[in-house]
Amino acid sequence: MPDLTTIPAEELELRRQLAAVYRLIAHFRMTDLIFTHISVRLPGPDEHFLINPYGLLFEEITASNLVRIDVDGQLTEPVGPPVNPAGFVIHSAIHRSRPDAHCVLHTHTVAGCAVAASATGLLGLNQISMEFHNRVGYHDYEGVALNLDEQERLVRDIGNHPALILRNHGLLTVGSTPAQAFLRMYYLNKACEIQVAATRAGEVIVPDEAIREHTARQLNAEDTGDDLTDDIGIDLAWSAMVRLVERIAPDYKD
């Protein structure tokens, strides 16, 4: 593991942000044992990324045990903990194609997998789910992501969206920061939980298209002409999440 005192300040901050997101995903029970990944692009011309070492639970991730890899999922150092290159197939495709996708987060939650297996996909049933109205892509299942040819289709299917539903597989979000990718995943998964509960309860009510689109624009801070705005809520929410991690897993920074 690297000595954190020798790491440049910008990389150290990214390591700590990413470790915090791993701990939050564990805290909110969005893990799949040692599987799934969260990656972040490091600054500089080398196209290097941080990701979890293969075999650790998300609740064990710290700033120092994150692994540095290249765009092909290979370790940048000759010796280090194992990495699952197949786990980076999806991530590397999106990192390469989306300069804004500094962080890519993938989950296999029960609700997310349920909606990913639904013919309807994500429905705009609730204010939370409307954030993703017309702003989520869909990628058909092709088997375990071991085929590099699939990358082209992944890139096509996410397009410029902040989220991707991998049919018969799970959920994926991107962000310019680990914080943004996490908050998007938190609410995308929450939208799926609401949908699973609502469809069990009986016939659902879907607001009309104009309302869903207007709400999506509000929640994505796009121009709506509304009288009021909330331009600090996301930053406040992330600050609250950092305080939570500091309480429940203060070793994440180590």
Side-chain angles (χ1 to χ4, degrees), residues 1-44 46 48-70 73-88 90-91 95 101-110 112 170-190 234-254:
M1 293 192 298
D3 179 353
L4 294 184
T5 63
T6 66
I7 291 177
E10 192 172 4
E11 178 178 337
L12 179 58
E13 176 60 21
L14 283 172
R15 282 178 173 271
R16 287 177 168 163
Q17 289 179 22
L18 185 58
V21 170
Y22 272 101
R23 296 302 186 94
L24 288 166
I25 292 293
H27 175 74
F28 289 107
R29 300 186 177 186
M30 290 191 279
T31 62
D32 181 9
L33 299 182
I34 63 170
F35 305 102
T36 74
H37 307 275
I38 315 166
S39 57
V40 69
R41 178 188 287 118
L42 288 170
D46 297 326
H48 287 174
F49 303 85
L50 295 173
I51 201 167
N52 50 320
Y54 200 25
L56 291 188
L57 297 169
F58 282 20
E59 64 194 35
E60 298 175 303
I61 298 298
T62 65
S64 60
N65 66 29
L66 288 163
V67 178
R68 182 192 276 253
I69 57 175
D70 63 23
Q74 302 300 315
L75 291 170
T76 62
E77 299 294 334
V79 178
V83 175
N84 179 5
F88 196 57
I90 295 172
H91 292 240
H95 279 303
H102 291 295
C103 185
V104 178
L105 199 170
H106 175 44
T107 63
H108 295 161
T109 64
V110 173
L171 306 178
L172 181 144
T173 57
V174 304
S176 59
T177 63
Q180 187 178 55
F182 167 76
L183 291 169
R184 283 174 170 165
M185 180 58 72
Y186 178 87
Y187 283 110
L188 180 58
N189 186 65
K190 183 69 68 176
I234 296 301
D235 290 339
L236 291 175
W238 177 245
S239 294
M241 291 299 95
V242 173
R243 294 195 302 274
L244 174 62
V245 175
E246 293 281 359
R247 290 196 301 273
I248 65 174
D251 62 324
Y252 81 96
K253 293 185 293 187
D254 297 342

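- A donor-acceptor contact under 3.5 angstrom links the side chains of Ser39 and His91, judged on distance only.
- Shown here are the salt bridge (Lys or Arg N to Asp or Glu O under 4.0 Å) partners of Arg41, two or more places apart in sequence or in another chain: there are none.
- When all heavy atoms of Ala20 and Trp238 are compared, the pair lying nearest together is CB-CH2, 4.4 Å.
- Side chains of Asn84 and Phe88 form no contact here, defined as non-hydrogen atoms less than 4.5 Å apart.
- In this structure, Pro53 and Val67 approach most closely via the heavy-atom pair CB-CG2, 3.5 Å.
- For the atom pair CD of Gln17 and OH of Tyr252, the computed distance is 9.0 Å after rounding to the nearest 0.5 Å.
- Within the 3.5 Å criterion, the main-chain N or O of Pro178 finds no donor-acceptor partner in the side chain of His102.
- Here the CZ-CG distance, from Phe49 to Leu66, works out to 14.5 Å after rounding to the nearest 0.5 Å.
- The line from SG of Cys103 to CG of Leu14 is 9.0 Å long, rounded to the nearest 0.5 Å.
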Under 3.5 Å, side-chain donor or acceptor atoms of residues 26-37 against the rest of the protein: list the pairs with distances, not counting sequence neighbours.
{"residue": "Asp32", "atom": "OD2", "partner": "His108", "partner atom": "ND1", "Å": "2.8"}
{"residue": "His37", "atom": "ND1", "partner": "Asn52", "partner atom": "OD1", "Å": "3.1"}

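- Rounding to the nearest 0.5 Å places CZ of Arg68 at 7.5 Å from CG of Asp46.
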Under 3.5 Å, which donor-acceptor pairs do the side chains of residues 182-189 form with other protein atoms, sequence neighbours left out?
{"residue": "Arg184", "atom": "NH1", "partner": "Val174", "partner atom": "O", "Å": "2.8"}
{"residue": "Asn189", "atom": "OD1", "partner": "Thr109", "partner atom": "OG1", "Å": "2.5"}
{"residue": "Asn189", "atom": "ND2", "partner": "Glu193", "partner atom": "OE2", "Å": "3.3"}

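- No side-chain heavy atom of Met241 sits under 4.5 Å from any side-chain heavy atom of Val245.
- Applying the salt bridge (Lys or Arg N to Asp or Glu O under 4.0 Å) rule to Glu60 yields no partners; only residues at least two apart in sequence or on another chain are considered.
- Under the side-chain contact (heavy atoms from CB on, under 4.5 Å) criterion, Pro8 pairs with Glu11, not counting sequence neighbours.
- Within the structure, salt bridge (Lys or Arg N to Asp or Glu O under 4.0 Å) contacts touching residues 245-254 (residues at least two apart or in different chains) are Arg23-Asp251, Glu246-Lys253.
- Contact check for His106 versus Leu171: no side-chain heavy atoms found under the 4.5 Å cut-off.
- Looking only at side-chain heavy atoms (C-beta outward), Leu105 and Ile25 come within less than 4.5 Å of each other.
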Query raised in the report: Run the side chain to side chain contact (heavy atoms under 4.5 Å, CB included) check on Ile69 and His48 step by step: do they pass?
Result: CA-CA 6 Å; Ile69 57 175; His48 287 174; over 6 Å; no
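- Smallest separation of non-hydrogen atoms from Ser64 and Arg15: O-NH1, 3.9 Å.
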